[in-house]
Amino acid sequence: MGDPTVDGMYEDGTDLLTIGALARLTGVPVKTIRNWSEQGLLPPTARTPAGYRLYGADAPARLETVRSLRDLGIGLAAIRSVLHRECTVAETAAQWADALDAQIRTLQLQRAVLRSVAARGSAAEELPTMTELARLSDRERRRIITDFVEDALDGVDAPAYRSGLLAAVPDLPDDPTPEQIDAWTALTALVRGPDLRAALRRLAEYSARTGPAASGAHAASGTRAAGETPAAQEQAAQEREPEQAAQEQAAQQQAAVRVAELMRLRGEETVAAGIAPDSPAAEPFLAELIAAWLPTQAGTPDPPAEDGPQARGRLLEQLETAAEPAVERYWQLLCTVTGRPAPPRWDRAGAWTAAALRAHPRPYELDRSAFDGTDPDRVMYAYEQVIRDVSALVAAVRPEDLDLPTPCAGWRVRQLLDHMVWENLMAASIAEDAPRTDHAAGHLGDDHRAAFEDSARAALAAFSGSGMLRRTYGPYDAPGAMLVQQVVVELLAHGWDLARATGAPTGLAPAVAEETLAAARRIYGAAPRTEGSSFAPERPAPPGAHATDRLAAFLGRDPIAPGRAPA
């Protein structure tokens, strides 16, 4: 049967179009037009006696609308609402744009996960975790963290601590990097393990036990204004309390942040200057820190009023409580996931401060005489003499000797040599105004002899070429000559440790041993011998002992029988 149209019109002369004519006119396949007609998007105007669909003059425009909306990915039901004027084109476009945004985010996340799998060379057992990440919605990912926080802190009355954790729940960006995907994977593993849960609970319990009392936060709001009725006073108090509490809490948090930053900055300065935690030079730092910290304790139970054993013990307790590696890892990963700058690490400064608080449980006046009496030329000569004898000891150490125990508790010869190399490298870096921060790194390499010789050569060059011996360093203007003298004491004492470990004679550097012992007494004589100190209590030395043996005894070693002592 032929086409019943002529020039796009039905053969009876009307303007109605057959489905074939409409298809040719618009370029839309007949099958598609038939499907859309059956879906109610393009109903026919009439039918032929044989039942064929006929479409009116508005059909091409309506068909174009349907096609355009479909090309944009809009569903048939939504298009039907537009055509039936149940929803405008603008409203439909907005809704579908939102849906596309969600779909795009999902695809971007899936792409990022796949890239991470490829970059990491993930094993098959890792795929379920990565697949779960790609499947979860933003809300479901947030729920993982919020459920964890609520469960970890269940039953602990620490609302401020809880709200702070919940306010920092992470959101992955729309197009995360492989690093962010890896951080999220590590974060979910961390929150599903027991360590972080226990650590957060300990911190929350400490916050609940030592934080500002609920009544104390609002004490000032109880003052009645003249002429107010009791009901008005009660209403005014209720209106003031939340706002005032929020302001006080914000002020308290800002003060705590300032104290933490002060601790980090000053702690880094003291570490860079080579000031030991139990050195007399640590006291001014502690006094400054305590003065800044005291106001943050207002409203806490039994707040300390001044610098003293109570204040220093309280701050030490806070530092020890906060020293939770799992919690620090949590915040580092959270910042990576969200793309925020990682918080500055103050673990090194915090550890130094805690050690200083243990060594100095009460304030005392700094005796600056410890800074005096250092002849730069004589100090340089002493360093050269000690390095000469200690280098000979190091050169005699055989590879099989590296695992021998030493008088330094927990250190084998390998760790002792690594520390001695570090002492040289650190002193040289201070002289060059670029203090090293790689204390925990290995410094021996494959050749312990070459490592020590190279470090000693670098230190000698830095001391003589930088003017260090006649300069001052750090926030307390410690003489550079005294810092070098501390290195001399350290190397001679650890040289004694090495000699005892390897069975070599301990009478090292006889030309300068007596003056080095005198320098140690001057520098460290006032240092407390408490937990966290660099040295154990002084031991007795036998009559007629060599000056190096007496130095070892002064620093807590046993000069008679082999033993262990703090490093």
Side-chain angles (χ1 to χ4, degrees), residues 153 156-168 199-222 240-270 277 282-324 327-328 330-331 343-363 475 532:
L153 274 56
V156 181
D157 184 19
Y161 187 76
R162 176 184 279 100
S163 62
L165 288 172
L166 294 176
L200 286 181
R201 190 170 186 85
R202 284 192 296 269
L203 291 176
E205 290 172 342
Y206 183 82
S207 176
R209 188 173 68 254
T210 63
S215 59
H218 313 308
S221 66
R240 283 194 300 267
E241 283 186 2
E243 180 180 357
Q244 181 175 347
Q247 291 173 349
E248 291 175 354
Q249 182 180 351
Q252 196 88 347
Q253 290 173 343
Q254 290 171 359
V257 169
R258 288 194 296 270
V259 171
E261 184 63 10
L262 174 66
M263 181 192 305
R264 186 183 69 82
L265 292 175
R266 291 289 188 266
E268 293 290 345
E269 289 174 359
T270 52
E283 175 57 28
F285 162 77
L286 291 178
E288 180 186 10
L289 179 62
I290 292 291
W293 169 81
L294 282 172
T296 69
Q297 301 307 292
T300 62
D302 191 20
E306 60 183 11
D307 190 356
Q310 181 193 7
R312 296 193 176 204
R314 175 81 63 87
L315 178 56
L316 176 59
E317 181 187 21
Q318 290 180 3
L319 290 176
E320 291 175 335
T321 302
E324 294 280 5
V327 175
E328 182 178 358
Y330 173 81
W331 289 110
R345 297 181 63 94
W346 58 279
D347 51 342
R348 188 166 68 135
W352 186 96
T353 304
L357 287 167
R358 294 188 195 100
H360 306 286
R362 55 182 51 82

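Hydrogens, waters and symmetry mates play no part in the numbers below; they use all other heavy atoms, side chains included.
Remark: W293 pairs with no residue by the ring-ring contact (aromatic ring centres under 6.0 Å, His included) rule, at least two apart or across chains. Contacts of E317 classified as side chain to side chain contact (heavy atoms under 4.5 Å, CB included), with partners at least two apart in sequence or in another chain: Y206, R209, R314, T321. Applying the salt bridge (Lys or Arg N to Asp or Glu O under 4.0 Å) criterion to R202, with sequence neighbours excluded, gives E324.
Once rounded to the nearest 0.5 Å, the distance linking OG of S163 with CG of L153 reads 10.5 Å. Taken from CG in L357 to CH2 in W352, the straight-line distance is 9.0 Å, to the nearest 0.5 Å. The distance from atom CG of L286 to atom NE2 of H360, rounded to the nearest 0.5 Å, is 6.0 Å.
Heavy atoms only, all atoms of each residue included: L294 and A311 are closest at CD2-CB, 4.1 Å. What you find for L316 and A354 is that their closest heavy atoms are CD1-O, 3.6 Å. Residues D157 and A208 share a closest heavy-atom pair of O-CB, 3.1 Å. Across P277 and A359, no two heavy atoms sit closer than the pair O-CB, 4.2 Å. Closest of all the heavy-atom pairs between G350 and M263 is CA-SD, 4.2 Å. Residues P304 and Q310 share a closest heavy-atom pair of CA-OE1, 3.8 Å.
Remark: R258 does not engage E261 in a salt bridge, criterion side-chain N to carboxylate O under 4.0 Å.
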**Item:** Q318/T210 under side-chain contact (heavy atoms from CB on, under 4.5 Å): CA gap, chis, key distance, verdict
**Value:** CA-CA 10 Å; Q318 290 180 3; T210 63; 5.7 Å; no
**Request:** Could you walk me through whether R201 and E205 pass the salt bridge (charged side-chain N to carboxylate O under 4.0 Å, His left out) test, one step at a time?
**Result:** CA-CA 6 Å; R201 190 170 186 85; E205 290 172 342; 3.5 Å; yes
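Not a single donor-acceptor pair under 3.5 Å links the side chain of R266 to the backbone N or O of L289.
Between R312 and P363 there is a side-chain heavy-atom pair separated by less than 4.5 Å.
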